Amino acid sequence: MNINLKIWRQSSGSTKGILKSYRLENIDPNISFLEMMDILNIKLVKEKKDPVAFDHDCREGICGSCGFMINGSPHGPQKATTVCQLHMRAFSNEEDILLEPFRAESFPVIKDLSVDRKAFDRIISSGGYVSTNTGEAPEANSISIKKEYADEAFLSSACIGCGACVAACKNSSAMLFTSAKVSHLSLLPQGQKEGKDRVAKMVATMDEEGFGSCTNTGACSAECPKEIGQVNIARLNQEYISSSLSSLLKKKE
Amino acid sequence: MSILKLLTSSVGRKILMAITGLLLAFFMAFHLFGNLFLFLGEEAFNAYVNKLHQLGFLIRIAEFFLVLFVGSHAYSGTLLWLKNRKAKKVISSYSKANTSNAARSAAFTGSIVFIFLATHWSTFWYKFNFDLQGMSYYYVVTESSVGFGSPAVSIFYIVAIALLGYHLKHGITSAGQTLGIVGTKYEKIYNNLSAIFWFWIPLGFISIPIWFGFIARVI
Amino acid sequence: MTEFNLFSKAPNGELHTKWEEYKNNLKKLTPEEANKYKVIVIGTGLAGASASATLAEQGFNVHAFSFHESPRRAHSIAAQGGINAAKNYKSDGDSVMRLFYDTIKGGDFRSREDNVYRLAEISKNIIDQCVAQGVPFAREYGGLLDNRSFGGVQVSRTFYARGQTGQQLLLGAYSALSRQMEKKKVVFYSRHDMLDIVLVNRKAKGIVTRNLVNGKIETHSADIVILATGGYSNVYYLSTNAMASNVTANWRAHRKGALFANPSFTQIHPTCIPVKNDFQSKLTLMSESLRNDGRVWVPQKKNDQRRPTEIPEGERDYYLERIYPAFGNLVPRDVASRRAKEVCDEGRGIGPTGFAVYLDFQKAIDEKGEDFIREKYGNLFDMYQNITNENPYETPMKIYPAVHYTMGGLWVDYNLMTTVEGLFSIGESNFSDHGANRLGASALMQGLADGYFVVPHTAMDFLAKETPLMKDITDRPEFKEAKDKTENEINKLMMVDGKMAVDEVHRELGKIVWDKIGMARTESGLREALSEIPKIKEKFWNNISIPGSDKDVNQELEKALRVKDFIELAELMAFDALDRNESCGAHFREEYQTEENEAERNDKDFKYVAAWDYSENENPKLFREELKYNNVKLKTRSYK
């Protein structure tokens, strides 16, 4: 198959970017999208031109490194799929494919399609953990957890931190990301003790990092490669309300 | 963390919006109950409005809260909208697939509703309270030029209420999400009840200009 | 030239109690004392993140480096199957001793008893630690932790979180690390490649890094350096490792005097999705847990072109079940891989390339139901379908072996310290625990054992005997020299100006390594490799092209810096494989096999760890650590 690519080229965060066109011919529809990008880059290298920078690593859809906008969708047209797991058969012959980096004030462009998502790490650092030191843990089976809670916690914890939710959101909100961690930990007894404090801190960091607010459009879950659900956001809100109430009551005491 | 800080975060503001929004929706139900007296005839409607006026001080307090809710709802909404504009680097770059128009246009529909409320107060509310000039309440609504005597007013009213319904279609579900009702056992009941607010109540409002502004005039 | 007398420093005493006793006798520092020391950790995967977090909890000031943007992107995240622990929750007769024995036997008696026992012992603490962190392991309906049997063992001791155990464990370690970042006890340097190690008075005191965003070459000093830099499977070009996994940090350490042990012990994983064409950039693993319910087969006839569902039972060869009635489809990885190669070499391989075998779930689906299979392997099946466009619920999967893990790595003693003082190596980057072959679900176990429970103690002991630097010493000449050398090398690379992309050279290297130092090796093949690899090296230094600037994001330069070291490593692997005139575990020399085509070990001559010293212009020099087995009897591995 033949394709016409339009790719956002930006040499660094401080320079302006432009869209450039590239054409690739005789692409095997069974190769992955990133393998197609490899072919393009090898071609550019041979022409002594700067190859397109993009983040990727495991190419198994789990490390969360890859991700850019393909025709206006983060990770492209296929549901529940990261770019690295997307194959060229998802496109048609002679299709125009537009590639842009994830757009958000909190995700500054590093180069071309590569953006800096360290804001996510700072959100986690502000409270996305259980405070336990190595060696202090009790016997594992002394904590019994209902299977359905453990399973739900796993589903929330399956987030790969790729940032597609922020890119998909018209407000660049990081609510789905933040809420997935809040809900993972609040569903488990280990995480519940610090729950109220955690949610307040993580939301505060999310705001400081410049992410927008959630207006419940649901675009994040619809585009999430790991199908992290809207229910996580509701759980964060619940935690937040109970955190606010308890802080109100404490004041009165 | 201080309560003030908690309530002024992005999530805190959303919670305020959800609560004020829901209270306003309840007010609408009450408002519609009054409006439907119009269908019982001039006497019944005028009597109802007079009853309200007799409450005097209480009604002023209620109005004060009403304005407060509308104001804080709009204020929080505007602040969040500004924050969101800033957060999105390239305004057009987001995913439109699989999301509802109602959700994406909530800020826009909210703004139109706000303009509508402003005109609504400066006409009906002002006339009812200060500028009756001997007209009956019923007449103001059904015949006068600020009421459905004017086709333009009727059309604007219908469009605005329809948009309000559309605003609520997103607003009510969104409030359920923001208040953490989604994912609990109340989610289903809540969603079923939500149609009353975004569909049936606005329809009730719209039925009035349709009848008095158009149909009643023809027959 | 330095002479090395390799001594493991494992304490004497009773196997069951020696680690506890040893640990109690190690020197301790209070948090206030520890605060005077700075520790550099390279790599923030399972081993690196867990070590960084724990050292920070103890009071050390940790500077952690990763070429990734975030610790959560490390390749540990991709481990699917699970993590072993001798908890014996299933009361099926498991014990520390049994896990120890399985690991030693699985490694074909080429690992160090003391290290392996310690690993088995610590395995229990790991699970406790991870559960306390909130890792959502699979649970039974009763609310207790669930276990499954995994890869080559007959007890259920594997803890798992669907097919994403590595992800959940890494996120646990990452959360512990994040907590210390918030407390400012860990400074994390993202997008930094470590390009050299700096020795001061023969001790590791710092590193040279390249900032991948602005190309700056930086130096950092510390009291010790810990390498947690993973394995080097990408020397094969195609492997299941992530694209950027590399040997550079280890190789730089090796060039500075850290011996490299057993480099040719590389594990081939039997259940990967087969290569489809020349553009393939990496291979995808299908968790070994699939072999619990999947049956491996090929047609009995050669070149059978029928669809798998059209081939009747009688014309199928379930060769693992046939050859190994006791273990069947659950034989260890090396055995399963080699048998797959064998049937394909006979011409009975399937698929368009003939290099694949079937993994069939029909029986399990018939007996246990599709829902059961979906619950257990759903995400793996989806992943397979997405990649291959075939539905494994309806037609058998196609699989073929691929390089997956490297048992070899930097030589370390019982304290996990390399032959360079103050330089530690943990997790996959060292050689220590898996011998010639690693059992399934043991990599996560080792990474976390080293990081949470071993190196924090041994490094503290080492530091307690060191005077803290208390200041930045990067103004010393050793640092300047190392920095200059790195900059010169980068300049040299940037100036090559040839016509080939780095990937193309890498692919050529990979083909040689796969063909000659892969699943089956021969003396002649290895000699060919030794004559071909220098040609690749020449090609690399004369023909590659790196557009753009080195003072900027330059992903081609990053690759070049890695491939240059892979080429040198490949040569060492060939030397190592050539030296070991026996077959053991994953190292299969065709000259040394039994009549039944099983690996023929030679304990008399090769019961040693081969640790190699680097030499710029000569062949590498071999030093041996003799292995002693006081608690197990050496046996021929048999899975019949």
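Protein chains get the first letters and strands the later ones, always in sequence-line order, with residue 1 at the start of each. In this text, all values refer to a predicted model and were calculated from it rather than measured experimentally.
Evaluation of the salt bridge (charged side-chain N to carboxylate O under 4.0 Å, His left out) rule for C:Lys124 yields no partner, not counting sequence neighbours.
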The test is side chain to side chain contact (heavy atoms under 4.5 Å, CB included); show your working for C:Glu140 and A:Ser144 and say whether it passes.
CA-CA 10 Å; C:Glu140 295 169 337; A:Ser144 164; over 6 Å; no
Start with the C-alpha gap between A:Glu35 and C:Lys276, add the side-chain angles, then the distance that decides, and say whether salt bridge (Lys or Arg N to Asp or Glu O under 4.0 Å) holds.
CA-CA 12 Å; A:Glu35 282 162 1; C:Lys276 52 187 188 290; 3.5 Å; yes
Decide side chain to side chain contact (heavy atoms under 4.5 Å, CB included) for C:Ser70 and A:Lys118; before the verdict, give the C-alpha distance in whole Å, the side-chain angles of both, and the deciding distance to 0.1 Å.
CA-CA 7 Å; C:Ser70 161; A:Lys118 283 205 290 292; over 6 Å; no
How far apart are the C-alpha atoms of C:Arg162 and A:Leu155, what are their side-chain angles, what is the distance that settles it, and do they pass the side chain to side chain contact (heavy atoms under 4.5 Å, CB included) test?
CA-CA 10 Å; C:Arg162 297 243 176 128; A:Leu155 290 178; 4.0 Å; yes
Between C:Arg139 and A:Lys146, does a side chain to side chain contact (heavy atoms under 4.5 Å, CB included) hold up when you go through it step by step?
CA-CA 8 Å; C:Arg139 288 182 180 263; A:Lys146 258 179 131 174; over 6 Å; no
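Once rounded to the nearest 0.5 Å, the distance linking CD1 of A:Ile62 with CD1 of C:Ile77 reads 6.0 Å. In this structure, CZ in C:Arg507 is found 5.0 Å from CD1 in A:Ile42, a value given to the nearest 0.5 Å.
Closest approach of C:Glu69 to A:Arg117, counting heavy atoms only: OE2-N, 2.7 Å. In terms of heavy atoms, A:Cys58 sits closest to C:Ala242 at CA-CB, 3.8 Å. When all heavy atoms of A:Ala137 and C:Asp128 are compared, the closest pair comes out as CB-O, 3.3 Å. Across every non-hydrogen atom of C:Gln555 and A:Ala53, the tightest pair is OE1-CA, 3.4 Å. Closest of all the heavy-atom pairs between A:Tyr129 and C:Ser175 is CB-O, 3.5 Å. Among all heavy-atom pairs drawn from A:Ser125 and C:Met181, the shortest one is OG-CB, 4.0 Å.
Interface summary for chain A: among C:Ala176, C:Pro456, C:Ala244, the most heavy-atom pairs under 4.5 angstrom belong to C:Ala244. Counting heavy-atom pairs under 4.5 Å between each of C:Tyr452, C:Tyr174, C:Phe137, C:Phe453 and chain A puts C:Tyr174 at the top. Chain A forms more heavy-atom pairs under 4.5 Å with one residue of C:Ala161, C:Ser549, C:Gly548 than with any other, namely C:Ala161. With chain A as partner, the option from C:Glu57, C:Gln180, C:Gln58 having the largest number of non-hydrogen pairs under 4.5 angstrom is C:Glu57. Counting heavy-atom pairs under 4.5 Å between each of A:Val45, A:Asn141, A:Val130, A:Thr132 and chain C puts A:Asn141 at the top. Between chain C and the residues A:Ile143, A:Asp38, A:Asp151, the largest count of heavy-atom pairs under 4.5 Å involves A:Ile143. Note on C:Asp503, C:Asp497, C:Asp146: by heavy-atom pairs under 4.5 Å with chain A, the leading option is C:Asp497. Listed options A:Ile110, A:Leu188, A:Asp116, A:Leu187 were ranked by heavy-atom pairs under 4.5 angstrom with chain C; first place goes to A:Ile110. For the set C:Gln133, C:Met500, C:Lys282, the count of heavy-atom pairs under 4.5 angstrom toward chain A peaks at C:Lys282.
In this structure, C:Glu182 does not pair ionically with A:Lys201, as no charged nitrogen and carboxylate oxygen lie closer than 4.0 Å. A salt bridge links A:Asp55 with C:Arg191; the closest basic N to acidic carboxylate O contact falls under 4.0 Å. Taking 4.0 Å as the cut-off between side-chain N and carboxylate O, C:Glu556 and A:Lys46 do not count as a salt-bridged pair.
Side-chain contact between A:Ser65 and C:Arg73 is present, with heavy atoms from C-beta onward closer than 4.5 Å.
Neither the backbone nor the side chain of A:Ser142 comes within contact range of chain C, judged by heavy atoms closer than 4.5 Å. Neither the backbone nor the side chain of A:Ser156 comes within contact range of chain C; no heavy atoms are under 4.5 Å apart. In this structure, the portion of C:Thr388 lying under 4.5 Å from any heavy atom of chain A is its backbone and not its side chain. Of the two parts of A:Ile160, the backbone and the side chain both hold a non-hydrogen atom closer than 4.5 Å to a non-hydrogen atom of chain C. Heavy atoms closer than 4.5 Å to chain C are found in the side chain of A:Ile39, but not in its backbone. Heavy atoms closer than 4.5 Å to chain C are found nowhere in A:Ala80, neither backbone nor side chain. Both the backbone and the side chain of A:Ile145 come within contact range of chain C, with heavy atoms under 4.5 Å apart.
At distances below 3.5 Å, not a single donor-acceptor pair connects side-chain atoms of A:His56 with backbone N or O atoms of C:Met243.
No more than 12 heavy atoms of other residues, nucleotides or ligands shown are found within 6.0 angstrom of NZ on A:Lys20.
A side-chain donor-acceptor contact under 3.5 Å links A:Gln78 and C:Asn386. A donor atom on one side chain and an acceptor atom on the other are found under 3.5 Å apart for C:Ser281 and A:Arg59. For the residue pair A:Asp28 / C:Asn277, a side-chain donor-acceptor distance below 3.5 Å is found, with atom types taken as modelled. Between C:His68 and A:Asp57, the side chains place a donor N or O and an acceptor N or O closer than 3.5 Å (distance only, hydrogens not considered).
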